[in-house]
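Not measured: the values here are computed from a predicted model.
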Amino acid sequence: MHFRVRKNVVQLIRTTYDVERKRGVNTIVGTVSVTNPELTRELSEALTEEEAIEFQSWVATRHRANELREEL
């Protein structure tokens with residue numbers, strides 16, 4: 001899973017391998033607001049447990065980076 005920041009939203013993108021194309025295929029699972037990055041009930045049901053943990057880790061890292069940027 002990776003996260004793409006677009007203006008006011010964060011897109012949660014899942015990559016799956018397509019055997020016919022012999023490459024990965026990106027699928028947007030959902031979007032979350034940048035200002036309030038919380039998973040909705042529907043979105044948390046669509047994500048696997050590992051993906052939800054990865055999202056929470058990404059949010060914490062982004063929050064810490066913003067704090068350091070403001071501090072400097």
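Here the OG1 atom belonging to Thr15 is positioned 4.0 Å from the CG atom belonging to Asn26, to the nearest 0.5 angstrom. Taking CG of Leu39 as the reference point, atom CZ of Phe55 lies at 4.5 Å (rounded to 0.5 Å). Here the straight-line distance linking atom CZ of Phe3 with atom CG of Leu12 works out to 5.5 Å at 0.5 Å rounding. Note: Glu51 CD to His2 NE2 = 12.0 Å, rounded to the nearest 0.5 Å.
Here side chain to side chain donor-acceptor pair (under 3.5 Å) pairs that include residues 52-61, with residues two or more places apart or in two chains, number zero.
More than 12 heavy atoms of other shown residues, nucleotides or ligands fall within 6.0 angstrom of atom CD in Glu45.
Minimum interatomic distance between Thr31 and Leu43 (heavy atoms only, all atoms of both residues): O-CD2, 4.0 Å.
Among Arg64, Arg69, His63, Arg62, the one residue that satisfies the side-chain hydrogen bond (donor to acceptor under 3.5 Å, both in side chains) test with Asn66 is Arg69.
No side-chain heavy atom of Val9 sits under 4.5 Å from any side-chain heavy atom of Val32. Taking 4.5 Å as the limit, some side-chain heavy atom of Arg14 sits within range of a side-chain heavy atom of Leu47. Looking at heavy atoms from C-beta onward, Met1 lies in side-chain contact with Val29 at the 4.5 angstrom threshold.
Residues passing the salt bridge (charged side-chain N to carboxylate O under 4.0 Å, His left out) test with Arg23: none are found, sequence neighbours excluded.
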